[in-house]
There are 2 protein chains.
Amino acid sequence: MPATSTDQVESVRLIDVARVAGVAPMTVSRALNRPELVRSDTAKKVLDAVRATGYVPNMLAGGLASSKSRLVAILLPTIANSIFSDTVQALMDGLNASGYQTLLGLTGYSTSQEETLVEAILGRRPDGIVLAGTSHTEATVERLTKAKIPVVEIWDLSDKPIDMVIGFSHEQVGVEVARHLLAKGYDRFGVVSVDDPRGLRRCRSLIDELADHGKTSVPFEVLPAPATLRAGREGLSRMLATECPQIIVCSSDTLAQGVLAEAASRGLNVPRDLAVMGFGDLSSAAHVYPALSTVEVDGASIGKHTAAALLARFAGRRDTALAGGRMDTGFSIIDRESA
Amino acid sequence: MPATSTDQVESVRLIDVARVAGVAPMTVSRALNRPELVRSDTAKKVLDAVRATGYVPNMLAGGLASSKSRLVAILLPTIANSIFSDTVQALMDGLNASGYQTLLGLTGYSTSQEETLVEAILGRRPDGIVLAGTSHTEATVERLTKAKIPVVEIWDLSDKPIDMVIGFSHEQVGVEVARHLLAKGYDRFGVVSVDDPRGLRRCRSLIDELADHGKTSVPFEVLPAPATLRAGREGLSRMLATECPQIIVCSSDTLAQGVLAEAASRGLNVPRDLAVMGFGDLSSAAHVYPALSTVEVDGASIGKHTAAALLARFAGRRDTALAGGRMDTGFSIIDRESA
DNA sequence: CTGTTAGCGCGTTCAT
DNA sequence: ATGAACGCGCTAACAG
């Protein structure tokens, strides 16, 4: 079989391109990574040689030599729940545009699994790490601190961030939802949550605030993570077995959709017979179910700011928007029910 | 400030661990990667030294030296749609357990974006690549072929796979749904899809099959990807502006949920006034909305088989379950409506 | 603007 | 069972 010019039995190296282009290997490297340092006509010769040979730079070698991997790791509890999807999308878009790629790790809401993943991932010498949440094992924090790379904790706040934090206060969500609903005159509350740390904090904070206003013993159903439609149905079923709330507050939008489904199958009119409140990002249920109130978080904005903060650091700058290493992106309560 | 024993101003290397353990660097490498080749007492010395120094192996250097990156790349259209989440979860779990990590790439349903990502990702010298779908640019196929690494195309089938394929026939889904619904006596159909290649193929195949049975001019609404609840609402709204179908077939479960929401807001009883059919994986809507029929795909199984196929190849074996490089995981129609 | 030298941190290969 | 020499493919630092 005749070999074509782009056959690649043994992988093409920088030196092969240099030979074809008639320049030194270093010039090829520069033409590819810092084109502003070479004359445009030699750059052209190099690029022609790259195309002719089908050269693909070996970033393992490049990373080893330069101590820059152009890799960012993202650790999430799960991707089953879509709550982080806008964030991840925006983050990856921002990073990709600057030539960075993303290592994904799934922690399953377990800090010990996160610890294992962090150790494995640090072996890749990522240029930065993004963690969902601000609760980690001591070992995780220590390793991350020693790694001396930018770390962004997202979707939460913290008094002592490892490095940078971009998120909002889940306690404040709970408090504001409680006050909002009390102001609307609700008296009998029910809370349904999955067993995820931030969701639980939102719900507990809400329950505490209700207690401060005289509403004690608010019924509270907790289901195993991750949040699914089925968990929402199950949560409402259990709740209605013994209670008769006017409004159900859910730890996430997916859960709220499950509650809506269960309510529908029982012939309940939402919000007349039962009001429902969810929590999620902008692309989710709030704009679809008119009867559903929701706390909305702009997940894409978190991702965008995270990418910007990391890229600023990679460029040796400090993101000016991140005063004190911390940025509160806020949230808003969208009220759709009319009870 | 006094330095503790685990300070890591300059990163700890293999040679540092060797010095502390009183052995040669090579012995440390073996103790870590092939423990069966060293005596257990020297292995212990090494492990103690690793802990004392806080050593984290540099996988860039290791990968360069061994030509094994222990990295697998996954390319998906998006993570907004949860349809792939079970697959990704199962795949990552299987891979992680064997020390592999995952690079994530989002193609946004664009083959040219996929091409760009493939090129960038091949620079990391991944040990394997997983692609959602079997439709790619010529350049993508050529690069992947030349890379000489295991490639798994998932969630679809193909007559000429790049390497391995694990999925099912989307045309067959359409045909079987059509026959199923015809057998149930439906006469007036409506189809709502998002603009995603596989979803469109399912729907077109269904429409063709309906035409073969005399049902021509089936109304067909196509909305921009990704599939969201809102798109589903919009799809039904447009459909009902001019048509009066008995059943709406949707290209995905998320879309179907949007259709359900719109139906509910119009006071339509599902399935009495309007039946709805979705498509998705096992964790989704079918088990929650009793009135919703669904084509169910076991996404977790696809992920599990994909991990197994890759790991078999890494070990130099050929996965026996993958006869001819191709595995059809099938799907099933879950019928919930009672019209 | 371009080339040369040296070495990133590790695993392969061979020797012991 | 352990060690020494070498090179993986690339870029930093310096020289010209």
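From a predicted model like this one, the values you see are computed outputs, not experimental measurements. Chain letters run A, B, ... following the sequence lines, proteins first and then strands; every chain starts at 1.
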Checklist entry - Going 5' to 3' on DNA chain D, which nucleotide is the first and which the last to come under 4.0 Å of a heavy atom in chain A? => result D:dG9 to D:dA13
Do any side-chain nitrogens or oxygens of [X] fall under 4.0 Å of OP1 or OP2 in [N]?
X	N	value
B:Asn33	C:dG11	yes
B:Ser29	C:dG11	yes
A:Ser67	C:dC8	no

Checklist entry - OG1/B:Thr102 to CG/A:Leu106 distance, rounded to the nearest 0.5 angstrom? => result 7.5 Å
Checklist entry - In Å and rounded to the nearest 0.5 Å, what is the CZ to CG distance from A:Arg19 to A:Leu14? => result 11.0 Å
Next on the checklist: Looking at the base of C:dG3, is there any donor atom on it, or on the side chain of A:Arg30, that sits under 3.5 Å from an acceptor on the other one?
Outcome noted: yes
Next on the checklist: What contact category does B:Ala65 fall into here, base, sugar-phosphate, or nothing, at under 4.0 angstrom with non-hydrogen atoms?
Outcome noted: base
Next on the checklist: Base, sugar-phosphate or nothing for A:Leu37? Non-hydrogen atoms, less than 4.0 Å.
Outcome noted: base
Checklist entry - Which residue, A:Glu142, A:Glu153, A:Glu115, forms the side-chain hydrogen bond (donor to acceptor under 3.5 Å, both in side chains) with A:His136? => result A:Glu153
Next on the checklist: Would you say that more than 12 heavy atoms from the other residues, nucleotides or ligands in this model lie under 6.0 Å from the CG of B:Asp159, or not?
Outcome noted: no
Item to check | A:Ile15 atom CD1, over 12 foreign heavy atoms within 6.0 Å | outcome: no
Item to check | Interatomic distance, A:Met26 CE vs C:dC8 P [rounded to whole Å] | outcome: 17 Å
Item to check | Spacing of B:Leu60 atom CG relative to C:dC8 atom C1', expressed in whole Å | outcome: 10 Å
Item to check | With sequence neighbours excluded, residues passing side-chain hydrogen bond (donor to acceptor under 3.5 Å, both in side chains) with A:Asp127 | outcome: A:Ser69
Item to check | A:Arg13 or B:Val23, whichever maps to the more 5' nucleotide of DNA chain D | outcome: B:Val23
Checklist outcome for this item: Whichever of A:Lys68 and B:Val38 has the more 5' nearest nucleotide on DNA chain D, that residue is B:Val38
Item to check | Position toward the 5' end of DNA chain C (nearest nucleotide), B:Leu64 or A:Arg39 | outcome: A:Arg39
Checklist entry - Should the pair B:Phe314 and B:Tyr100 be assigned to parallel (<30°), tilted (30 to 60°) or perpendicular (>60°) ring geometry? => result parallel
